[in-house]
Amino acid sequence: MNQAAQQLHAQLIKTRRSDPHSANAVLKGYAKGSRPQEALSFFFFSLRQQVAGTEPDSFTFPLLLHACSRLRAKGPGKQLHGNIVKQGLSMDMFVQNSLIHMYASCGGIQCALKVFERMSKRDVVSWTSIIGAAAAAAEEGCSAVALHLFDEMLEEGVAPNEATMVSVLRACADSGTLSTGRRVHRISKKLKLEVKLHVATALVDMYAKCGSIEEARELFDQMPERDAFAWTVMISGLASHGRSRDALSLFHRMRELGVTPDERTMTAVLSACRNAGMVADGRRYFEEMKKSHGIQQRLQHYGCLIDLLGRAGNLEEAEEFARRMPIDPDRVIWRTLAWASKIHGDTGRAERLVREHLLGLGFGDSGSFVLLGNIYSTARKWDQKARVWAAMGSRGMKKPPASSRIEINGEIHEFEAGDGRHREAEKIYLKLEEIEERLREEGHRPRISEVLLDVDEEEKAFQLRHHSEKLAVAFGLISSGPGEKIVIFKNLRSCEDCHETMKIVSRIYGREIIVRDRVRFHRFSRGTCSCGDFW
DNA sequence: GTAGGGTTAG
């Protein structure tokens, strides 16, 4: 693609003449090839100054915008938007659809929405582009916007296609909206899209991320064709649910069938080892990936292995490994290492790692300050903790509040610690009292060391009782039938007391409870958790 | 001759 474009480009420069067709052919080669930046420089430089006889038309701009999307180049993208308006091409649907995608790729979901809202006519690509834009946006609540847009699309009678399904399913997966996910599954079946590779893969991912790993597996087993992507999705799904043995045996099955794993497959495999504390296996897969599969270890693989070593308590080895690795460790690696040090009670190491690598030069995100504060709390160094929080405050930073969500009959209910805003708050707190009573009977003592405040023991116990996932599980118990599965989504990670509480609740109420935290799933059943208390 | 989609260590 590049070579043909380069040849044609050279020819245009030589003759100093072109026509829209040739110029667009060059652009297409560059924009879709391996060097999209060439497309932009061709437009902004060559076309204007070296080659006469061509003005960009409505075929030119989508190609250029495509290049901007791939480069995440918002500046040139905006400039092109200006040119489009100037040339009166802003009513062309191809151009508008490309603009939506350009803004989406460059992180401007609001700009993308503005373009979309101004369109007088929208086809399936317009809808898919804006749904995809919302689904991919990092801002809070964007998944819900994507799902809402999907409903509007159906109301307008536009038939979704494969790409639409994939984007909607991503929004379901990210937000954990299982009911909509199931609905999209039904629509896919009706439109015979369920068996298409991309859609089937997205469905598997959706079920896994919505807590229903069995349904994910069932669908995966029924797929008529599977590529490395599909295998990787299933392997990482199993890994995130703590089913490491299943994940690894699936990886071996994949190899037996002759499917070549890629670097992402290996990330999933290492993450399976990490989640189960399988140090020896993790080391072996890490070594083998280069030798047996020719896959170069990258940052995420090093990160996985270091996390695995650290969490298993091999702190010195993990830190040494981080210092000696051939790629510069990033903040994530130092943070996981500091967290592992805190878990294993090595306060000195934890504190040093945060100060050396996360808070140096006056930089630092709120997460690093919160981590340092937690390290001091665990070590009961209240003065130091207060200083950290003050430093945070003076920089205008705040700890993001912990929240838990639960879906009941298609409606999402969200709770924060001590929340009294829910319409059934009274019943929820009554249920919570009942749970506490039964926990006491079971001999459970609140793990007050988890409350990281310098307050008396009674106040700590009070704080613990009202953590958001406890409110969510109480609500789940009163608003679902006996024996029904309870699925809770947390924005952060659980504390140990909540983890213990879930175990006991699963046993005494005879419920399966699934908690998705920031990074993985915990499945509580009959008093135990699938993570084996390793998290 | 132009536009949209599936995984990713915390």
Side-chain angles (χ1 to χ4, degrees), chain A residues 19-29 31-32 56-66 69 89 92-102 104-105 123-133 135-136 160-170 173 193 196-206 208-209 227-237 239-240 262-275 282 298-308 310-311 329-340 367 371 492-493 517-520 535:
Chain A
D19 57 274
H21 197 279
S22 309
N24 288 339
V26 173
L27 274 179
K28 186 178 175 183
K32 302 204 160 181
D57 60 12
S58 60
F59 288 84
T60 314
F61 286 108
L63 291 165
L64 290 166
L65 292 166
H66 184 80
S69 304
L89 296 172
D92 183 286
M93 211 193 309
F94 270 94
V95 172
Q96 290 168 318
N97 289 344
S98 309
L99 276 170
I100 291 173
H101 187 237
M102 181 278 292
S105 315
D123 67 355
V124 60
V125 178
S126 322
W127 283 102
T128 303
S129 299
I130 195 66
I131 291 168
N161 63 17
E162 284 178 57
T164 325
M165 292 314 187
V166 168
S167 285
V168 182
L169 287 168
R170 178 175 175 181
L193 298 173
K196 303 278 185 185
L197 185 59
H198 278 43
V199 179
T201 306
L203 278 166
V204 170
D205 187 47
M206 181 278 293
K209 291 204 175 129
D227 60 2
F229 215 124
W231 285 94
T232 304
V233 166
M234 192 66 238
I235 292 169
S236 61
S240 73
D262 62 15
E263 56 179 62
R264 283 154 171 129
T265 316
M266 296 316 298
T267 305
V269 166
L270 289 172
S271 135
C273 298
R274 191 204 79 91
N275 283 347
R298 298 170 76 98
L299 193 62
Q300 60 270 35
H301 305 114
Y302 280 96
C304 241
L305 190 66
I306 289 169
D307 196 10
L308 172 59
R311 267 165 210 269
D330 63 355
R331 302 172 63 81
V332 177
I333 288 187
W334 294 120
R335 197 181 309 148
T336 56
L337 213 43
W339 185 250
L371 173 55
L492 305 173
R493 307 210 73 175
D517 72 16
R518 257 201 89 72
V519 292
R520 62 171 291 174
W535 46 289

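Chain letters run A, B, ... following the sequence lines, proteins first, then strands; residues in each count from 1. This is a predicted model, so every value here is computed, not measured.
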### Query
Base, sugar-phosphate, or nothing for A:Thr201, non-hydrogen atoms under 4.0 angstrom?
base
#### Entry: Trace of the side chain to side chain contact (heavy atoms under 4.5 Å, CB included) decision for A:Trp339 with A:Arg311
CA-CA 9 Å; A:Trp339 185 250; A:Arg311 267 165 210 269; 3.3 Å; yes
### Message
Need one value for A:Lys209: base, sugar-phosphate or nothing, where a base atom within 4.0 Å counts as base even if backbone is also close, heavy atoms only.
### Response
sugar-phosphate
### Query
Between A:Thr336 and A:Asp307, do the side chains contain an N or O donor and an N or O acceptor separated by less than 3.5 Å?
no
### Message
With the criterion set at under 5.5 Å between ring centres and under 30 degrees between planes, would B:dG10 be stacked on A:Trp339?
### Response
no
### Message
Regarding A:Thr265, tell me which of base, sugar-phosphate or nothing describes its non-hydrogen contacts under 4.0 Å with the strands shown.
### Response
nothing
### Task
Check A:Leu270 against A:Gly282 and note the closest heavy-atom contact, atom names and distance.
CD2-O, 3.6 Å
### Task
Output yes when a side-chain donor or acceptor of A:Asn275 lies under 3.5 Å from a complementary backbone atom of A:Ala239, and no otherwise.
yes
### Under-4.0 Å side-chain N/O to phosphate OP1/OP2 contact, A:Arg518 with B:dG10
no
### Message
Once you apply a heavy-atom cut-off of 4.0 Å, does A:Asp57 come out as touching a base, just sugar-phosphate, or nothing?
### Response
base
### Task
Report the nucleotide, chosen from B:dG6, B:dA3, B:dA9, that has the shortest atom-to-atom distance to any side-chain atom of A:Arg170.
B:dG6
### Query
In whole angstrom, what separates A:Met234's CE from B:dT8's P?
13 Å
#### Entry: Atom-pair distance (CG on A:Asn161; P on B:dG4), nearest Å
13 Å
### Task
Have a look at A:Ile235 and say if it touches a base, only the backbone sugar-phosphate, or nothing, with a 4.0 Å heavy-atom cut-off.
nothing
### Query
Do any side-chain nitrogens or oxygens of A:Lys32 fall under 4.0 Å of OP1 or OP2 in B:dG1?
no
### Task
Look at A:Lys28 and B:dA3 and indicate whether a side-chain polar atom (N or O) is within less than 4.0 Å of OP1 or OP2.
no
## Note on the structure
Scanning both residues in full, the closest heavy-atom pair of A:Leu63 with A:Ala31 reads O-CB, 3.4 Å
### Task
Answer yes or no as to whether B:dG6 has its base stacked against A:Phe229, where stacking requires a ring-centre separation under 5.5 angstrom and planes under 30 degrees apart.
yes
### Task
Give the rounded distance in Å between these two atoms: CG of A:Leu203 and P of B:dG5.
18 Å
### Query
Distance from A:Ser126 atom OG to A:Ile131 atom CD1, nearest 0.5 Å?
10.5 Å
### Task
Please work out if A:His101 contacts a base, only the sugar-phosphate, or nothing of the nucleic acid, heavy-atom cut-off 4.0 Å.
sugar-phosphate
### Query
To the nearest Å, how far apart are A:Asn97 CG and B:dT2 P?
14 Å
### Message
Using a heavy-atom cut-off of 4.0 Å across all strands, would you classify A:Val125 as base, sugar-phosphate, or nothing?
### Response
base
### Message
Rounding to an integer number of Å, can you tell me how far A:Ile131 CD1 sits from B:dG6 P?
### Response
13 Å
#### Entry: Where A:Ile235 and A:Ala268 come nearest, the two heavy atoms and their spacing
CG2-CB, 3.8 Å
### Message
Please classify the nucleic acid contact of A:Leu270 as base, sugar-phosphate, or nothing, using heavy-atom distances under 4.0 Å.
### Response
nothing
### Task
Rounded to the nearest angstrom, tell me the gap between atom CE in A:Met102 and atom C1' in B:dG4.
15 Å
### Message
Taking any heavy-atom pair under 4.0 Å as a contact, classify A:Thr128: base, sugar-phosphate, or nothing.
### Response
base
### Query
With a non-hydrogen cut-off below 4.0 angstrom, is A:Ile306 in contact with a base, only sugar-phosphate, or nothing?
nothing
### Query
B:dT2, B:dG10, B:dT7: which one has an atom nearest the side-chain heavy atoms of A:Phe59?
B:dT2
### Task
Mind checking A:Thr336 for me? I need base, sugar-phosphate or nothing, with any heavy atom below 4.0 Å counting as a touch.
sugar-phosphate
#### Entry: Under 4.0 angstrom between A:His66 side-chain N/O and B:dG4 OP1 or OP2
yes
### Query
Base, sugar-phosphate, or nothing: which does A:His301 touch, judged by heavy atoms less than 4.0 Å apart?
nothing
### Task
Give one of base, sugar-phosphate or nothing for A:Arg274, where a contact means two heavy atoms less than 4.0 Å apart.
sugar-phosphate
### Query
With a non-hydrogen cut-off below 4.0 angstrom, is A:Leu197 in contact with a base, only sugar-phosphate, or nothing?
base
